[in-house]
2 protein chains.
Amino acid sequence: MCCFEPSVSTGSGANRLRGLAQPMDIRQGRTVPIDPAKDFLVFVGSGTTKLIASASGGREQIVAFHFSGELVSVPVNAWHSYRLSALVQTEVLAFPAEDFLGIAVSEPVLQAELLRRTMTALHRCRDKAVGLGRKNAQERLASFLVGMADRIGIAEEGSCTLELPMSRRDIGDSLGLTIETVSRQFSELRMTGLIETSGRSRVLLRDIPALAERAGHV
Amino acid sequence: MCCFEPSVSTGSGANRLRGLAQPMDIRQGRTVPIDPAKDFLVFVGSGTTKLIASASGGREQIVAFHFSGELVSVPVNAWHSYRLSALVQTEVLAFPAEDFLGIAVSEPVLQAELLRRTMTALHRCRDKAVGLGRKNAQERLASFLVGMADRIGIAEEGSCTLELPMSRRDIGDSLGLTIETVSRQFSELRMTGLIETSGRSRVLLRDIPALAERAGHV
DNA sequence: ACCCTACATTGATTCAGATCAATTTTAGGA
DNA sequence: TCCTAAAATTGATCTGAATCAATGTAGGGT
């Protein structure tokens, strides 16, 4: 597994961390099994996950996607119930948050990295909140595509190729839309010439600045 | 001013922090003037602020409210443009984020506190995203009231009094709704007997568990 | 105590996206 | 290669909140 320690920690803290979590293999579509009595910090060694919040009435909102090498905070004491689910075969390390933070206090570099990542997550979440609160379907999808391009896109001259690991339903659950609306907006962007698609998952972004414009980014 | 140091820092770091920021008095309705070239961490010494994100077309989304003693991260390199505005006369300390974090690395306790607060902000932001993405107007307002009760409510036997420092427009901008819809939902909750209001800002929550239920919390 | 202006409420109508309802396409397995 | 179930697309209709339009009210200033 792609290892957590090299990127964020050195020295004895690394050994102490290793004792806190067993590496786990999560199959596609399965939920990371964590003790529902405490918060967790989950490191995604390889693969892709989605963090899902459930509200009453079976409604689900995907709060974030995570790619290999990223760290997710999975809270338990919140208004909604959260779970982490694998979009593809995924390897994770799940640390009880309390224990992890306890070790981090005595490892300033590890703690600084954790803080940096948490701030990035916060800033992403805020940008997402703006989309959910104030943008229409087209802007939300454009914003999603630009964001994904930034994280997992393969840049080419003037354009960018995406291999999306998530379904239309996942995209809808992430953008607060239905699959039908997501599909219609894909068609719309395709007709405008801003994107091309092939199969279920490949998307070619032909003009990222124009998409960002369409996304309402300032 | 209520001081930052006692709560989160001791020793020499406190002195170094003091050198980074001048205390500022922000009048009601004014924006905290910060250098738009870098991220900031703003400590709210007294008063109340809102963090506003602007998307294109003059649309605004309030991403969070902050009360006295709280710390806000104001990012500059994001998809939307953020600013921090005072709801009432407010005293703040604005630290350039880079400098603050630089000092924090050598002050594990300060850094740990900063991390704890950032995680709280992230968890709040996620719960907000669920509301914006998947809840109807009534659930959003109920959720807002329960959340405010938690932060600034004055508990009584079985009920709770709120003195809201924000206008209906602010509430709408926070919940992704218009003032008219917010007003209608206040009336609705009033008629159901779940709340009572007096004047523009006082709200009495008569049954918080019922409101939480109405809010779709699980 | 009285204005006067912002703010809030209430009602009528419109519209973007949800919902309902068929197809059509995709990609993995026989 | 064909077959099939799941996923995606497209179309018709419905609905909750936005928008447009008055009207009512609170509370600071004189």
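Chain identifiers are assigned alphabetically (A, B, ...) following the order of the sequence lines, protein sequences preceding nucleic acid strands; residue numbering begins at 1 within each chain.
- No contact: Arg140(A) has no heavy atom under 4.0 Å from any strand.
- The nearest whole Å value for the distance from the CE atom in Met191(A) to the C1' atom in dT9(D) is 11 Å.
- Cation-pi geometry between Arg168(B) and Phe186(B) is met: the NZ or CZ atom falls under 6.0 Å from the ring centre, inside 45° of the normal.
- The shortest distance between the side-chain N/O atoms of Ser183(B) and the OP1/OP2 oxygens of dT9(C) is below 4.0 Å.
- The base-pairing partner of dA6(C), taking Watson-Crick or G-U wobble contacts with both distances under 3.5 Å, does not exist among the strands shown.
- Between Met166(B) atom CE and dA8(C) atom P the separation is 12 Å, expressed in whole Å.
- To the nearest angstrom, P of dA17(D) lies 7 Å from CD of Gln185(B).
- Distance Arg202(B) CZ to dT25(D) C1': 17 Å, rounded to the nearest Å.
- In this structure, dA6(C) shows a glycosidic angle within 90 degrees of zero, which is the syn conformation.
- Rounded to whole Å, the distance from CZ on Arg59(B) to P on dA18(D) is 13 Å.
- Residue Ser167(B) is in sugar-phosphate contact alone, with no base atom involved, counting any heavy-atom pair closer than 4.0 Å across all strands shown.
- Ion pairing between Arg184(B) and Glu188(B) fails under the 4.0 Å rule for side-chain N and carboxylate O.
- Comparing Ile179(A) and Ser201(B) along DNA chain D, the residue whose closest nucleotide (by nearest heavy atom) sits nearer the 5' end is Ile179(A).
- Minimum atom distance to the side chain of Glu180(A) is reached by dC20(C), of the listed dT9(C), dC20(C), dT9(D).
- When the nucleotides dT10(C), dG11(D), dT9(D) are ranked by their closest atom to the side chain of Arg168(A), dT9(D) comes out on top.
- The shortest distance between the side-chain N/O atoms of Arg200(A) and the OP1/OP2 oxygens of dA6(D) is not below 4.0 Å.
- At distances below 3.5 Å, not a single donor-acceptor pair connects side-chain atoms of Asp207(A) with backbone N or O atoms of Leu194(A).
- Ranked by how close their nearest DNA chain C nucleotide is to the 5' end, Leu177(A) and Arg169(B) are led by Arg169(B).
- Listed by first then second residue, pairs satisfying side-chain hydrogen bond (donor to acceptor under 3.5 Å, both in side chains) with a partner in residues 128-146 of chain B read Arg59(A)-Glu139(B), His80(A)-Lys135(B), Asp173(A)-Arg134(B), Lys128(B)-Ser174(B), Gln138(B)-Gln185(B), Gln138(B)-Arg214(B), Ser143(B)-His217(B), not counting sequence neighbours.
- Contacts of Gly176(B) with the nucleic acid, taken as non-hydrogen atoms under 4.0 Å apart, involve only primed sugar atoms and P, OP1 or OP2.
- At the phosphate of dT10(C), OP1 or OP2 sits under 4.0 Å from a side-chain N or O atom of Ser187(B).
- At whole-Å resolution of the value, CD in Glu188(A) and C1' in dA8(D) are 17 Å apart.
- Under a 4.0 Å N-O distance rule, the pair Arg206(B)/Glu196(B) qualifies as a salt bridge.
- For Arg184(A) and dT19(C), a side-chain-to-base donor-acceptor distance below 3.5 Å is present, hydrogens and geometry of angles not being considered.
- Among the nucleotides dA18(D), dT10(D), dG17(C), the one closest to the side chain of Ala137(A) is dG17(C).
- Nearest nucleotide to the side chain of Asn136(B), out of dA17(D), dG17(C), dT19(C): dA17(D).
- Taking atom CZ on Arg190(B) and atom P on dT25(D), their separation rounds to 12 Å, with Å as the unit.
- Neither OP1 nor OP2 of dA17(D) sits under 4.0 Å from any side-chain N or O of Thr178(B).
- As the counterpart of dT25(D), no nucleotide is assigned, since no Watson-Crick or G-U wobble pattern has both distances under 3.5 Å.
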* Chi angles and distances behind the side-chain hydrogen bond (donor to acceptor under 3.5 Å, both in side chains) call for Asp127(B), Tyr82(A) -> CA-CA 10 Å; Asp127(B) 275 331; Tyr82(A) 289 87; 2.8 Å; yes
